[in-house]
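Report on the following structure.
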2 protein chains.
Amino acid sequence: MESARQLLVRQGFHGLSLEDVARAAGVTRKTVYNHFGSKLGLLNAVFDAVAARGEVWRLAEAAEVSDPREAVVRLVGASCRLWASDRALLRRLVGLAAVDPETASVVVERERRREATWAHLVRRLEAAGLLRPGLAAEEAVRVLMALTSFATYDMLAPADADPAAVMALLLRLADGIVDLSGRG
Amino acid sequence: MESARQLLVRQGFHGLSLEDVARAAGVTRKTVYNHFGSKLGLLNAVFDAVAARGEVWRLAEAAEVSDPREAVVRLVGASCRLWASDRALLRRLVGLAAVDPETASVVVERERRREATWAHLVRRLEAAGLLRPGLAAEEAVRVLMALTSFATYDMLAPADADPAAVMALLLRLADGIVDLSGRG
DNA sequence: CACTTCATTATACAATATGTGTAAACTTTC
DNA sequence: GAAAGTTTACACATATTGTATAATGAAGTG
């Protein structure tokens with residue numbers, strides 16, 4: 001999996017042959033198939049690994065904070081840290097989902113969960129009267145999804161970025177949608 | 001090219017074989033190679049076509065408006081219309097650039113130009129004192145690039161979206177970065 | 001009309017990739 | 001040491017990209 005990760009980052013998907021992966025890992029191509037079933041299976045495993053390393057579970061944790069404004073801040077932060085955990089790899093993986101319908105399922109499933117999290121939080125914000133006026137709840141969800149997406153993080157963060165700096169920028173933008181002014 | 005476009009949207013990149021493209025277009029595979037040189041060449045042509053159909057030149061036009069605030073508004077609008085012109089196709093094309101270093105060049109070149117446009121406009125905004133305090137010019141450029149990226153548009157717009165509605169949302173967000181309050 | 005030029009076709013070929021099958025060698029476990 | 005499960009080496013089928021070549025056909029020009 002580590003071999004696959006490195007090759008995927010360096011060569012891209014098209015340049016990633018299971019022959020190379022197997023060689024780099026010091027095993028046979030057949031062994032790779034025994035473990036992962038297919039190239040797609042391998043990618044799935046790599047994706048799961050990066051999600052785990054990036055501590056995805058922190059997203060759910062952040063969303064459960066009782067103060068909804070604080071929850072937004074933490075959710076944005078957890079997202080940034082997740083995306084920063086392996087940027088080059090995520091770029092390939094997320095891109096792949098847009099390119100190949102077969103591969104899409106993995107990412108789509110996680111995005112669905114991310115959306116459910118935000119949708120729930122937006123309902124709480126709405127109940128607390130913290131949504132800016134003239135803004136539908138669904139719109140707010142879409143905006144927050146977009147702001148906390150990998151694509152946005154990737155464009156906002158310079159190569160040597162500190163996730164915290166990006167987080168500050170995102171919160172500033174989110175303030176146009178949600179009233180976060182009570183907090184730093 | 002139209003065959004390629006349809007197949008790319010329907011099947012994704014991995015499912016797009018030049019055999020299928022040729023058959024759908026009613027020619028031989030060899031003819032496709034005579035015209036486009038390679039699969040990449042074909043994609044390039046398809047990308048150029050969608051950029052032309054989406055009227056990319058309007059971006060440059062918008063950036064030249066003398067009032068910098070008005071220029072921002074128009075540039076955001078032109079971006080939305082560009083991205084809306086063939087969403088399903090752009091999803092594949094933009095994703096592909098993130099997946100495959102070979103393919104990246106096409107998109108990267110356009111992004112570079114888009115960035116130059118924004119960078120110039122941000123300098124004008126800065127000179128007019130319209131940047132929100134505590135914000136570096138490079139940060140502003142990155143934020144505006146992110147807000148007007150295809151990825152953001154694609155996440156913000158519902159399936160049946162009106163580009164103008166998305167544009168309004170984006171301007172609201174951009175207002176956290178640039179003072180646009182003088183305008184509607 | 002005959003001639004030339006050019007693109008298209010049919011066909012074959014090489015190279016590379018994915019995925020499967022099988023028997024032999026090797027490890028692990030009991 | 002024997003049984004069970006992996007890994008290997010090797011062969012094979014299939015699909016795809018890309019190139020080469022001779023034959024075919026459709027222009028336009030004299």
Side-chain angles (χ1 to χ4, degrees), chain A residues 1-50 88-89 91-108, chain B residues 1-50 88-89 91-108:
Chain A
M1 275 171 55
E2 178 54 26
S3 303
R5 198 199 130 269
Q6 283 182 18
L7 282 169
L8 186 54
V9 168
R10 273 207 286 267
Q11 318 247 18
F13 179 73
H14 159 223
L16 176 80
S17 86
L18 294 197
E19 192 70 53
D20 293 349
V21 173
R23 192 167 344 109
V27 296
T28 324
R29 199 157 56 88
K30 181 77 206 202
T31 304
V32 177
Y33 278 103
N34 283 344
H35 274 265
F36 302 104
S38 68
K39 193 172 181 177
L40 227 135
L42 175 57
L43 285 179
N44 252 300
V46 170
F47 194 98
D48 284 349
V50 73
L89 178 61
R91 215 173 286 155
R92 306 281 190 220
L93 255 17
V94 171
L96 198 56
V99 163
D100 181 18
E102 304 249 354
T103 323
S105 56
V106 201
V107 174
V108 165
Chain B
M1 275 169 56
E2 178 54 26
S3 302
R5 198 199 130 268
Q6 284 181 19
L7 282 170
L8 186 54
V9 168
R10 273 208 286 266
Q11 317 245 18
F13 180 74
H14 160 222
L16 177 81
S17 87
L18 293 196
E19 193 69 53
D20 293 348
V21 173
R23 193 168 341 112
V27 294
T28 324
R29 199 157 55 90
K30 180 75 203 196
T31 304
V32 177
Y33 277 102
N34 283 344
H35 276 264
F36 302 104
S38 68
K39 194 172 180 179
L40 226 136
L42 176 57
L43 285 179
N44 251 300
V46 170
F47 194 98
D48 284 350
V50 73
L89 179 60
R91 215 172 287 155
R92 306 281 191 221
L93 255 17
V94 171
L96 198 54
V99 163
D100 181 17
E102 305 249 353
T103 324
S105 57
V106 203
V107 174
V108 165

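Excluded from the calculations below are hydrogen atoms, water molecules and symmetry mates; all remaining heavy atoms, backbone and side chain alike, are included. Just so we're on the same page: letters track the sequence lines, and every chain starts at 1. The structure presented is a predicted model; accordingly, all values stated were derived computationally and were not measured.
Looking at residues 6-21 of chain B, you'll see B/Leu16, B/Ser17, B/Leu18 sit with a heavy atom under 4.0 Å from some atom of DNA chain D. Sorted by residue number, the members of residues 31-50 of chain A with any non-hydrogen atom under 4.0 Å from DNA chain D read A/Thr31, A/Asn34, A/His35. Near DNA chain C, defined here as any heavy-atom distance below 4.0 Å, there are no residues from residues 96-108 of chain A.
Taking atom NZ on B/Lys30 and atom P on C/dA7, their separation rounds to 12 Å, with Å as the unit.
With sequence neighbours left out, A/Val27 forms a side-chain contact (heavy atoms from CB on, under 4.5 Å) with A/Ala22, A/Ala25, A/Thr31, A/Val32. Annotation: side-chain contact (heavy atoms from CB on, under 4.5 Å) contacts of A/Ser38 (sequence neighbours excluded): A/Leu40. A/Ala49 is linked by a side-chain contact (heavy atoms from CB on, under 4.5 Å) to A/Met1, A/Arg53, counting only residues two or more places apart in sequence or in another chain. Residues passing the side chain to side chain donor-acceptor pair (under 3.5 Å) test with B/Glu19 are B/Arg29, sequence neighbours excluded. Residues satisfying the side-chain contact (heavy atoms from CB on, under 4.5 Å) criterion with A/Gln11, sequence neighbours excluded, are A/Leu7.
Contact annotation: the side chain of A/Leu96 approaches that of A/Leu43 to within less than 4.5 Å [non-hydrogen atoms, C-beta and beyond].
The two atoms that bring B/Ala88 and B/Val9 nearest to each other are CB-CG1, 3.7 Å, heavy atoms only. Contact detail for A/Ala97 and A/Ala104: the closest heavy-atom pair is O-CB, 3.4 Å.
B/Arg91 places no side-chain N or O within donor-acceptor distance of the main-chain N or O of A/Val99, the cut-off being under 3.5 Å.
Note that CZ of B/Arg5 and CG of B/Leu93 are 10.5 Å apart. Values are rounded to the nearest 0.5 Å. How far CZ of B/Arg23 is from CG of B/Asp20: 5.0 Å, rounded to the nearest 0.5 Å. Taking CG of A/Leu42 as the start and CG of A/Leu16 as the end, the distance is 7.0 Å to the nearest 0.5 Å.
Applying the salt bridge (Lys or Arg N to Asp or Glu O under 4.0 Å) rule to pairs touching residues 37-49 of chain B yields B/Asp48-B/Arg110, sequence neighbours excluded. Pairs engaging residues 94-103 of chain B under the salt bridge (Lys or Arg N to Asp or Glu O under 4.0 Å) rule: none recorded [sequence neighbours left out].
Taking the C1' atoms of five terminal pairs at each end of the helix from C/dC1-D/dG30 to C/dC30-D/dG1, the two resulting helix axes are inclined by 10°, rounded to 10°.
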TODO: Show the numbers, then the answer: is there a side-chain contact (heavy atoms from CB on, under 4.5 Å) between B/Asn34 and B/Lys30?
DONE: CA-CA 6 Å; B/Asn34 283 344; B/Lys30 180 75 203 196; 3.6 Å; yes
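Counting 5' to 3', DNA chain D first comes under 4.0 angstrom of a heavy atom of chain A and last does so at the ends given by D/dT7 to D/dT8.
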